[in-house]
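Keep in mind that this is a model prediction, so the values were computed, not measured. The figures that follow rest on heavy atoms only: side chains count, while hydrogens, waters and symmetry mates do not.
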Amino acid sequence: MMKETLDFVMSMEFWRMGLLWTLSLLLSYWNLLFASAPPLSRSPPQSTKPVCIITGATSGLGAAAAHALSARGFFVVLVGRSSHLLERTMMEIKRKNECAQLKAFEVDLSSFQSILQFKDSLQQWLSDSQMHCSIQLLINNAGILAASSRVTSEGYDQMMATNYLCAFALSKLLLPLLRNSSVPARIVNVTSFTHRSVSNIQADKETVTGKRFSRSKRYPFSHVYEDSKLFLLLFSYELHRQLGLMDISRHISVNAVDPGVVETKMMREFPPCLSSLAFKVLRSLCLLQSPEVGISSILDAALAPPEISGVYFFGGKGNTVRSSMLSYDVKLAKELWNTSSDLFLQSKLYFKETSTSVSNFVS
């Protein structure tokens with residue numbers, strides 16, 4: 001354990017996290033001095049219960065957001081990879097709010113096939129429950145910080161797939177259900193201040209799938225995490241622009257949110273002594289938040305008036321700030337959109353062909 005800790009401390013990735021991420025966080029708080037706060041709406045405006053989907057809902061910010069939004073009248077759909085943790089989270093929410101309406105789906109959010117199956121299961125559940133075939137709120141919260149390289153069944157880097165490609169695919173697949181909503185609908189993407197650490201990036205397939213990082217001698221986990229969060233932010237702004245071209249009335253709005261530093265299990269793959277030390281330092285500087293406090297920006301982004309779209313929430317109290325200059329690069333965002341769309345169609349076609357082949361074999 002001591003050798004592992006020393007190796008980690010001596011790595012460039014550790015110092016990148018310690019220095020660049022701290023500077024990025026401080027820059028976000030500096031921008032907060034010039035923040036603007038749009039008017040807030042704190043309750044769903046319709047008579048029937050709006051449906052909210054939250055990914056990564058088994059702990060931390062996802063679980064806290066599920067509890068808060070169920071208390072505000074949403075029918076909350078929890079999405080996570082562990083059925084046991086989903087069940088436990090629902091029991092905890094029900095214990096605090098017995099009137100909460102909840103539904104859980106076990107989904108591997110790093111797998112396109114699993115996400116595709118979830119979309120079908122969700123539609124079937126809405127139909128079986130005699131609910132309107134629509135959703136009102138999608139919160140793409142799922143995210144991991146992996147210490148080592150892991151590859152998905154599609155051959156993609158697991159961290160890039162979970163943190164970015166999952167949100168892109170899920171948003172594309174659920175757009176019809178969001179459009180079906182009788183009231184304005186919204187997508188909220190949970191990103192991070194760490195995106196400010198990226199000064200240059202390509203939006204080619206090798207980078208977007210994370211395959212480029214597999215060739216590194218040592219897995220550059222901090223770079224992959226930063227890149228995935230920047231991609232999520234670029235996607236948020238581009239989706240906002242795309243929806244604006246198709247839908248002048250802004251029936252579907254898109255917001256990005258940075259919850260800041262929150263005490264979650266995100267760093268569970270790193271040496272516990274270092275994680276504990278980092279949390280103590282951040283707590284002493286009043287920069288560390290509990291999930292219950294950290295969700296304030298997520299709630300701001302989710303419950304802001306329908307006309308608020310394409311903005312970056314940070315710091316709570318409805319505050320929005322400027323993200324990095326690179327995140328507003330329209331050319332880069334379009335390249336990312338095209339690359340991600342190609343990967344999406346590629347995966348969709350592959351699994352359609354696979355399903356057809358299996359059906360033919362069985363029959």
Using side-chain heavy atoms (C-beta onward) and a distance below 4.5 Å, is [X] in contact with [Y]?
X: R186; Y: S309; answer: no
X: V257; Y: N189; answer: no
X: L102; Y: S70; answer: yes
X: W30; Y: L26; answer: no
X: F344; Y: L173; answer: yes
X: I93; Y: M90; answer: no
X: L78; Y: K103; answer: no
X: T89; Y: S59; answer: no

Check whether any side-chain N or O of [X] sits under 3.5 Å from a backbone N or O of [Y] as a donor-acceptor pair, and report yes or no.
X: K229; Y: V190; value: yes
X: S121; Y: Q117; value: yes
X: H195; Y: S324; value: yes
X: Q136; Y: V51; value: yes
X: N141; Y: T55; value: yes
X: N319; Y: G316; value: yes
X: S111; Y: D108; value: no
X: S129; Y: M131; value: no
X: K119; Y: L174; value: no

Specify the closest pair of heavy atoms between [X] and [Y], including all atoms of both residues, with the distance to one decimal.
X: S197; Y: W21; value: OG-CD1, 3.5 Å
X: P220; Y: E13; value: C-OE1, 3.3 Å
X: F313; Y: S297; value: CB-O, 4.0 Å
X: D204; Y: T339; value: C-CG2, 3.9 Å
X: L27; Y: R196; value: CD2-CD, 3.9 Å
X: S82; Y: T58; value: O-CG2, 4.3 Å

Could you state whether [X] and [Y] fall into the same hydrophobic cluster, counting links through intermediate Ile, Leu, Val, Met, Phe, Trp or Tyr residues with side-chain heavy atoms under 4.5 angstrom apart?
X: L85; Y: F118; value: no
X: L285; Y: Y29; value: yes
X: L232; Y: L175; value: yes
X: I54; Y: V293; value: no
X: L109; Y: V151; value: no

Fill in: Trace of the side chain to side chain donor-acceptor pair (under 3.5 Å) decision for N163 with S228
CA-CA 6 Å; N163 294 5; S228 69; 3.2 Å; yes

request  = Quick one: do D120 and Q124 satisfy side chain to side chain donor-acceptor pair (under 3.5 Å)? Show the steps, please.
outcome  = CA-CA 6 Å; D120 293 337; Q124 189 62 53; over 6 Å; no

Go through Y156 and F112 one step at a time and tell me if the ring pair (Phe, Tyr, Trp, His ring centres under 6.0 Å) criterion holds. CA-CA 10 Å; Y156 303 158; F112 181 81; 9.1 Å; no

- Query: Rounded to the nearest 0.5 Å, how far does CG of L145 lie from OG of S222?
  - Reply: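 Answer for the OG-CG pair, S222 versus L145, is 8.5 Å.
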
Answer yes when [X] and [Y] have at least one side-chain N-carboxylate O distance shorter than 4.0 Å, and no when they do not.
X: E238; Y: R241; answer: yes
X: E92; Y: K96; answer: no
X: R16; Y: E226; answer: yes

Practice prompt. Report the C-alpha separation of V208 and L343 in whole Å, then their side-chain angles, then the decisive distance to 0.1 Å, and conclude whether the side-chain contact (heavy atoms from CB on, under 4.5 Å) test is met.
Written response: CA-CA 9 Å; V208 175; L343 291 168; 3.8 Å; yes

Only residue of N255, D258, T191 satisfying side-chain hydrogen bond (donor to acceptor under 3.5 Å, both in side chains) with Y312 is D258

*side chain to side chain donor-acceptor pair (under 3.5 Å) between K205 and Q346, worked out*: CA-CA 12 Å; K205 286 188 179 180; Q346 206 174 293; 3.2 Å; yes

- Query: Given Y328 and S323, is the side chain to side chain donor-acceptor pair (under 3.5 Å) satisfied, shown in steps?
  - Reply: CA-CA 8 Å; Y328 293 108; S323 49; 3.2 Å; yes

* To do: Check step by step if side-chain contact (heavy atoms from CB on, under 4.5 Å) holds for D157 and T209.
  => CA-CA 6 Å; D157 176 86; T209 60; over 6 Å; no

query: L138 and S171: side-chain contact (heavy atoms from CB on, under 4.5 Å), yes or no, with the steps?
result: CA-CA 8 Å; L138 169 62; S171 299; 3.9 Å; yes

Between F221 and Y219, how do the two ring planes meet: parallel, tilted or perpendicular, split at 30° and 60°?
tilted

What is the ring orientation for F168 with W337, classed by angle as parallel under 30°, tilted 30 to 60°, or perpendicular over 60°? perpendicular

Identify whether NZ of Lys or CZ of Arg in K211 sits under 6.0 Å from the centre of the six-membered ring of F213 and within 45° of that ring's axis.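 K211 over F213 ring: no.
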
task: Validate the cation-pi geometry between K49 and F75: distance from NZ or CZ to the six-membered ring centre under 6.0 Å, angle to the ring axis within 45°.
output: no

task = Go through the steps for I308 and S253 under the test side-chain contact (heavy atoms from CB on, under 4.5 Å), then give the verdict.
result = CA-CA 7 Å; I308 304 300; S253 55; over 6 Å; no

